[in-house]
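Working notes, beginning with the structure itself.
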Amino acid sequence: MKKTNSLICKWAVGIAALLSPAMASATSTQTTDYTKYVNPFVGNADNGHTFPGACRPFGMIQTSPVTGGVGWRYCSEYVYSDSIIWGFTQDHLNGTGCMDLGDILVMPSTGKRIRQWDAYRSRYAKNQEFATPGYYSVYLTDAKVKAELTAAPHVAFHRYTFDSADSTSVLIDLQHGPSWNDKQYHSQVNLCETHWEDDQTLVGHVQNTVWVKQDYFFVIKFNHRVTSHTVLPKAFDTEKGDRIVASFDDIAQGEQLLVKIAMSTTGIEGAKKNLQAEVPGWDFAAVKASAHDDWNNYLKRIDVEGTEEQKQNYYTSFYHALIQPNQIADVDGMYRNADDKVVKAETGQFYSTFSCWDTYRAAHPFYTIVMPDRVDGMVNSLVEQAEVQGFLPIWGLWGKENYCMVANHAVSIVAEAYHKGFRGFDAERAFNAIKKTQTVSHKLKSDWENYMKYGYLPTDLTEAESVSSSLESMYDDYAAADMARLMGKKQDEAYFTRRSQFYKNLFDKSTQFMRPRLSNGSWKTPFNPSDLAHAESSGGDYTEGNAWQYTWQVQHDVNGLIKLFGGPKPFLKKLDQFFSLKLESTLSDVTGLIGQYAHGNEPSHHVAYLYAMAGRPSRTQELIREIFDTQYRPTVDGLCGNDDCGQMSAWYMLSAMGFYPVNPVSGQYVFGAPQMEKITLRLVDGKTFTVKAEGLSKENKYVDYILLNGKRYNKPYINHADIMKGGTLVYKMTSVKKHDKY
């Protein structure tokens with residue numbers, strides 16, 4: 001703990017010390033610099049899989065250091081405890097459990113020019129490493145270079161200050177990319193084409209395959225003349241990517257080398273347009289200040305009051321939630337679609353990086369409140385991709401489909417937006433995409449014929465994850481039914497409503513678990529509800545979980561699930577067992593344990609709120625406090641699991657306000673208990689929605705009663721529409737358990 005506390009101190013002090021004059025001037029007129037509460041190092045330990053580098057809200061570029069590239073712990077390419085930096089890559093995933101991107105590794109150095117590709121790596125000074133939204137810096141001790149990174153939406157901007165004038169050079173590694181093993185690391189590049197347009201400009205095209213087949217085009221410009229350049233020998237016969245050393249003779253000791261790296265999915269001309277539009281000059285300080293202001297303008301949409309640690313947790317969560325989805329279309333609206341065709345986004349923007357299995361639960365509900373200006377664009381992007389590939393994205397990356405996880409929760413994301421009144425997309429087109437997604441079987445991830453024949457996916461006819469695939473698809477059926485209902489499509493509503501009730505076919509009343517079932521109707525045996533499963537590791541019937549965790553995967557019909565148990569009392573008894581029976585986790589994705597509850601993985605995220613829905617709100621309130629106290633800290637190891645593209649962060653932010661979307665499509669947020677004294681949301685049209693926790697303390701963790709705009713409020717949930725109207729929600733806190741029915 002001393003090490004991480006020291007990190008926090010250095011990071012906080014560094015905020016003031018490293019602000020450029022331009023940035024200081026830009027922020028001096030603002031009431032609050034919210035970026036000072038963001039610590040990009042949070043989650044940089046083994047399983048958080050976040051990165052500390054520079055990016056913009058929803059930007060295409062995430063330029064960040066690389067400390068490793070092989071194995072699960074390097075999904076973001078950076079682990080805080082490592083002592084060597086390999087270089088800096090220009091795009092990254094935030095908090096995922098699988099890996100991709102990590103493109104265009106560059107590394108400055110001094111000394112002998114021609115050497116092995118992995119000899120450019122350097123130790124670095126931890127006490128001279130710093131990060132804040134839109135900016136990262138570090139001192140490379142072996143290379144004798146101070147490296148600074150900032151970013152525009154499509155452009156990475158680096159500044160290197162050389163402490164030695166001895167043979168300054170930069171390695172440009174186009175073979176690099178994170179991978180599960182050495183063999184894949186050295187064979188993932190399928191094509192690499194580069195060309196020096198002049199002595200300051202390198203352009204190129206690389207195609208590689210990790211999760212998806214990715215084509216990226218780039219322009220790299222230096223502010224100094226490259227006096228010579230050399231392509232290093234291939235380290236392995238399977239390599240197709242170039243490793244280029246650019247050397248400079250005119251950089252004196254203490255002088256700076258500036259590097260701009262623009263990327264595009266469409267072509268070199270697209271990258272050039274992005275570069276010219278976003279970073280036409282060489283003013284690093286100005287771009288850094290712009291990045292800071294961009295982040296602050298988003299972060300100021302929420303104002304929180306609480307302890308310094310709470311503010312750090314909250315704004316770091318806010319920051320992580322806005323790193324994605326990524327707007328990958330060029331400045332002229334062009335992008336490469338799922339069919340590998342360069343097309344123009346219908347709205348001029350195209351979003352990708354949709355980790356829908358994770359983010360439909362809380363991140364997208366959060367966007368509908370705080371980022372409503374982005375929601376229509378996200379829905380349009382999902383529908384555009386669906387019309388090309390035949391179904392809504394399961395896990396969309398760079399405009400392609402990677403088929404990761406089960407079901408298709410883009411259905412929920414679209415239906416939720418429609419339920420909440422978003423109309424900046426064609427509803428007929430969107431519903432047609434939903435209907436096709438839920439009825440037409442396709443490669444790898446859907447088998448609607450067996451689903452309809454049996455009312456579930458039989459374990460003996462399903463490759464893996466039969467229970468999870470079934471239950472999560474049933475939630476998407478509910479989402480489809482809800483949108484059909486609102487659009488007056490009665491036949492579709494009835495069809496999908498019936499399917500949404502299929503969950504009852506997997507509930508074994510004798511064991512009170514959602515259990516794998518065979519095609520002959522019998523239960524699969526032997527059966528141990530604590531056994532963890534993952535398709536990639538064991539071929540089991542659950543997705544990164546077990547029967548204990550997936551028995552509660554009926555977000556759309558909690559009352560129906562309670563009835564299956566025989567009423568609230570046996571339902572609550574089972575919940576008590578769930579949170580008390582110890583689980584020995586053997587899966588890296590199943591972490592943050594409280595009994596069988598795993599806060600580090602998404603299927604558990606709504607379960608604490610089920611107590612409130614079953615008549616025991618005090619237990620929900622106790623558990624929310626316990627999760628806040630044990631699973632979130634503003635330290636490198638402060639996340640109990642992968643951030644998963646902002647889902648872990650969104651859970652924190654919504655739960656801090658005292659409510660959570662157990663059923664996102666419904667537009668209802670179930671009450672828990674607030675964890676901060678005051679949170680003010682700055683909504684559209686100048687409205688505000690303020691949440692107050694009066695009397696909140698360590699002891700006063702229970703809710704006595706609630707006032708909405710000064711009037712007693714007795715519902716167990718608040719509607720999205722009531723939040724968006726603006727107003728004040730007051731929780732009167734107490735140390736006494738109240739309102740429990742059971």
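Just so we're clear, the structure is a prediction, and the values are computed from it rather than from any experiment.
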Does [X] reach the side chain of [Y], with side-chain heavy atoms less than 4.5 Å apart?
{"X": "P108", "Y": "F162", "result": "yes"}
{"X": "D644", "Y": "T359", "result": "no"}
{"X": "V370", "Y": "M653", "result": "no"}
{"X": "F318", "Y": "S649", "result": "no"}
{"X": "D91", "Y": "Q214", "result": "yes"}
{"X": "N326", "Y": "S352", "result": "no"}
{"X": "F41", "Y": "Y78", "result": "yes"}
{"X": "E239", "Y": "C192", "result": "no"}

In Å and rounded to the nearest 0.5 Å, what is the [atom1] to [atom2] distance from [X] to [Y]?
{"X": "Q175", "Y": "N208", "atom1": "CD", "atom2": "CG", "result": "9.0 Å"}
{"X": "L105", "Y": "R243", "atom1": "CG", "atom2": "CZ", "result": "9.0 Å"}
{"X": "T141", "Y": "I85", "atom1": "OG1", "atom2": "CD1", "result": "9.0 Å"}
{"X": "E278", "Y": "S290", "atom1": "CD", "atom2": "OG", "result": "9.5 Å"}
{"X": "D637", "Y": "S81", "atom1": "CG", "atom2": "OG", "result": "10.0 Å"}
{"X": "Y120", "Y": "I172", "atom1": "OH", "atom2": "CD1", "result": "10.5 Å"}

Under 3.5 Å, is there a donor-acceptor pair between the side chain of [X] and the main chain of [Y]?
{"X": "S264", "Y": "G270", "answer": "no"}
{"X": "K400", "Y": "R336", "answer": "no"}
{"X": "T307", "Y": "Q310", "answer": "yes"}
{"X": "T50", "Y": "V42", "answer": "yes"}
{"X": "Q276", "Y": "N274", "answer": "no"}
{"X": "W86", "Y": "D118", "answer": "no"}
{"X": "H224", "Y": "Q256", "answer": "yes"}
{"X": "Q200", "Y": "F222", "answer": "yes"}
{"X": "S228", "Y": "S247", "answer": "no"}
{"X": "N642", "Y": "N47", "answer": "yes"}

Check side-chain hydrogen bond (donor to acceptor under 3.5 Å, both in side chains) between [X] and all other residues, then give those that pass, not counting sequence neighbours.
{"X": "S317", "answer": "none"}
{"X": "Q327", "answer": "none"}
{"X": "D358", "answer": "S355"}
{"X": "S76", "answer": "none"}

**Asked** Does R682 CZ have over 12 foreign heavy atoms under 6.0 Å away?
**Response** yes
**Message:** Using the rule given for side-chain contact (heavy atoms from CB on, under 4.5 Å), can you reason through I104 versus I220, listing the C-alpha separation, both sets of side-chain angles and the distance that settles it, and then say yes or no?
**Reply:** CA-CA 10 Å; I104 315 180; I220 302 177; 4.1 Å; yes
With [X] via ring-ring contact (aromatic ring centres under 6.0 Å, His included) - residues at least two apart:
{"X": "H154", "value": "none"}
{"X": "W196", "value": "H229"}
{"X": "Y298", "value": "none"}
{"X": "Y216", "value": "none"}

How about [X] and [Y]: does a side-chain donor come under 3.5 Å of a side-chain acceptor?
{"X": "Y139", "Y": "D163", "value": "yes"}
{"X": "T209", "Y": "Q188", "value": "no"}
{"X": "N39", "Y": "Y319", "value": "no"}

**Request:** I would like to know whether Y351 and Q324 meet side chain to side chain donor-acceptor pair (under 3.5 Å); could you show each step before the answer?
**Result:** CA-CA 9 Å; Y351 292 86; Q324 65 288 299; over 6 Å; no
**Prompt:** When you look at K126 and Y80, which way does the side-chain contact (heavy atoms from CB on, under 4.5 Å) test go after all the steps?
**Reply:** CA-CA 9 Å; K126 276 292 181 186; Y80 183 80; 3.3 Å; yes
**Audit row: I261, H158, side-chain contact (heavy atoms from CB on, under 4.5 Å) steps and yes/no** = CA-CA 8 Å; I261 307 166; H158 296 196; 4.3 Å; yes
**ring pair (Phe, Tyr, Trp, His ring centres under 6.0 Å) contacts touching residues 252-286 (sequence neighbours left out)** = F157-F284
Does anything in [range] pair up under salt bridge (charged side-chain N to carboxylate O under 4.0 Å, His left out), and if so which pairs, sequence neighbours excluded?
{"range": "residues 208-235", "value": "K213-D340, K234-D242"}
{"range": "residues 194-207", "value": "E197-K272"}
{"range": "residues 50-59", "value": "R56-D294"}

**Message:** Under a 4.0 Å threshold between the charged nitrogen and the carboxylate oxygen, would D373 count as salt-bridged to R301?
**Reply:** yes
**Request:** Indicate yes or no: does K273 engage D330 in a salt bridge with an N to O separation below 4.0 Å.
**Result:**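 No, no charged N to carboxylate O under 4.0 Å.
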**Request:** Go through T35 and H292 one step at a time and tell me if the side chain to side chain donor-acceptor pair (under 3.5 Å) criterion holds.
**Result:** CA-CA 7 Å; T35 67; H292 168 271; 3.2 Å; yes
**Request:** Kindly determine whether T266 and F217 satisfy side-chain contact (heavy atoms from CB on, under 4.5 Å), including the steps that lead there.
**Result:** CA-CA 7 Å; T266 66; F217 300 81; 5.8 Å; no
**Message:** For H92 and F51, I'd like to know if the aromatic rings sit close, meaning centre-to-centre distance below 6.0 Å.
**Reply:**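 Here the rings of F51 and H92 have centres that are less than 6.0 Å from each other.
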**Prompt:** Looking at Y34 versus Y315, is the centre-to-centre ring distance below 6.0 Å?
**Reply:**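 Yes, ring centres under 6.0 Å apart.
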**side-chain contact (heavy atoms from CB on, under 4.5 Å) partner of T96, chosen from D100, N94, L93** =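 The single option meeting the side-chain contact (heavy atoms from CB on, under 4.5 Å) with T96 is L93.
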